[in-house]
Amino acid sequence: RPGLALCAGCGGRIQDPFLLRVSPDLEWHVACLKCAECGQPLDETCTCFLRDGKAYCKRDYSRLFGIKCAQCRAAFSSSDLVMRARDHVYHLECFRCAACGRQLLPGDQFCLRERDLLCRADHGPPPDGAAARGPR
C-alpha cells in the first residue's frame with residue numbers, strides 16, 4: 001500500500017512503488033533500510049535483524065547482542081561447538097582450567113568458582129556434589 005505507510009527509518013510517507021516490510025508493522029523506503037550500526041544497505045540480498053525498532057546487519061547484530069564466550073568474549077558462529085557451565089557459555093578451546101590451563105573435555109569434572117573454571121586436580125574434591133559435568 002504505497003502512499004499510506006510511514007517509513008520506520010526516516011518517518012516520511014512511503015510513496016515509492018516499492019517498500020520493504022521487515023516485520024508486520026515496520027516498513028521502510030528501499031533507500032532507508034540500513035544497518036543502524038554500520039549503515040550497510042539491507043535488502044533482499046542481506047539478512048536483516050531487528051531489535052527495539054532498529055535494523056541491523058547480521059555481523060553487527062551478533063557483535064552487539066549475540067551470546068559471547070565467557071572466556072575470550074568473542075561471539076559464536078552457528079557452527080561452533082560450545083561447553084556450558086551454569087549461565088556461562090564457552091568455545092571448546094576456551095573451556096580451560098584457570099589454574100593450570102588444561103583444556104577441560106566432555107565428561108571431565110570441574111568447578112566454577114566465580115568466573116573461573118577449575119579442573120578437579122586444582123580444586124580438589126567438590127563440596128557437597130557441586131561439580132558439573134561435560135557439555136549440554
Side-chain angles (χ1 to χ4, degrees):
R1 298 176 335 219
L4 300 177
L6 294 180
C7 177
C10 72
R13 177 173 272 171
I14 300 175
Q15 296 178 341
D16 305 356
F18 300 102
L19 60 89
L20 296 176
R21 182 173 287 133
V22 178
S23 69
D25 57 345
L26 294 175
E27 298 167 326
W28 275 265
H29 292 108
V30 173
C32 290
L33 185 56
K34 297 177 182 176
C35 176
E37 189 70 13
C38 72
Q40 174 185 352
L42 302 172
D43 55 23
E44 67 277 352
T45 64
C46 183
T47 304
C48 178
F49 295 85
L50 285 180
R51 175 108 179 211
D52 300 327
K54 294 181 182 177
Y56 297 91
C57 65
K58 183 176 183 177
R59 185 188 72 239
D60 286 329
Y61 186 87
S62 295
R63 181 178 58 80
L64 294 169
F65 307 113
I67 297 172
K68 296 179 178 58
C69 176
Q71 179 62 36
C72 73
R73 305 301 302 152
F76 296 100
S77 74
S78 60
S79 61
D80 285 339
L81 297 175
V82 299
M83 297 287 279
R84 294 181 185 271
R86 293 194 192 120
D87 295 333
H88 304 287
V89 184
Y90 301 83
H91 293 106
L92 288 181
E93 59 275 5
C94 295
F95 200 70
R96 298 180 173 277
C97 176
C100 69
R102 183 175 73 83
Q103 185 173 11
L104 299 168
L105 302 172
D108 287 348
Q109 290 186 344
F110 63 88
C111 178
L112 184 63
R113 185 182 301 156
E114 295 182 24
R115 292 188 56 97
D116 292 333
L117 290 168
L118 297 171
C119 67
R120 184 175 181 132
D122 287 315
H123 181 264
D128 58 49
R133 296 184 67 91
R136 283 197 250 172

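Side-chain atoms of R51 never come within 3.5 Å of backbone atoms of Y61 as a donor-acceptor pair (strictly under, hydrogens ignored). Between the H29 side chain and the R13 main chain, a donor and an acceptor come within less than 3.5 Å of each other. Judged by distance alone, with hydrogens and angles left aside, the side-chain atoms of D108 form a donor-acceptor pair with the main-chain N or O of L105 at under 3.5 Å.
Between P41 and K34 the shortest heavy-atom distance is CA-CG, 4.1 Å. When every heavy atom of F110 is checked against every heavy atom of R84, the shortest pair comes out as CZ-O, 4.2 Å. Nearest heavy-atom pair, C94 versus Q71, reported as atom, atom and distance to 0.1 Å: CB-CB, 3.7 Å. Considering every non-hydrogen atom in both R96 and L117, the closest pair reads O-CB, 3.6 Å. Across H91 and A74, no two heavy atoms sit closer than the pair CE1-O, 3.8 Å. Between G11 and L6 the shortest heavy-atom distance is O-CD2, 3.9 Å.
One finds the CD atom of Q40 at 10.0 Å from the SG atom of C48 (value rounded to the nearest 0.5 Å). A distance of 10.5 Å separates NZ of K54 from SG of C35, quoted to the nearest 0.5 Å. Distance check, rounded to the nearest 0.5 Å: NE2 of H123 to SG of C97 gives 10.5 Å. If you take CZ on R113 and CG on L118, they are separated by 5.0 Å, rounding to the nearest 0.5 Å.
The cluster map of Ile, Leu, Val, Met, Phe, Trp and Tyr, joined by side-chain heavy atoms under 4.5 Å apart, puts I67 and V82 in the same cluster. Following chains of ILVMFWY side-chain contacts shorter than 4.5 Å, one can reach Y90 starting from L92, so the two form part of one hydrophobic cluster. Connection of L42 to L26 is established within a shared hydrophobic cluster, with ILVMFWY side chains joined at heavy-atom distances below 4.5 Å, either directly or through further cluster members.
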| message | Checking E37 against L64 for the side-chain contact (heavy atoms from CB on, under 4.5 Å) test, could you report, in this order, the C-alpha distance in whole Å, the side-chain angles of both residues, the deciding distance, and whether it holds? | response | CA-CA 9 Å; E37 189 70 13; L64 294 169; 3.7 Å; yes

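Taking a 6.0 Å sphere around NZ of K68, one finds it holds more than 12 heavy atoms contributed by other residues, nucleotides or ligands.
Note: Y56 and F65 meet the aromatic proximity criterion, with ring centroids under 6.0 Å apart.
Here R102 does not pair with D122 in a salt bridge; the nearest charged N to carboxylate O distance is not below 4.0 Å.
Counting heavy atoms from C-beta on, the side chains of M83 and L104 never come closer than 4.5 Å.
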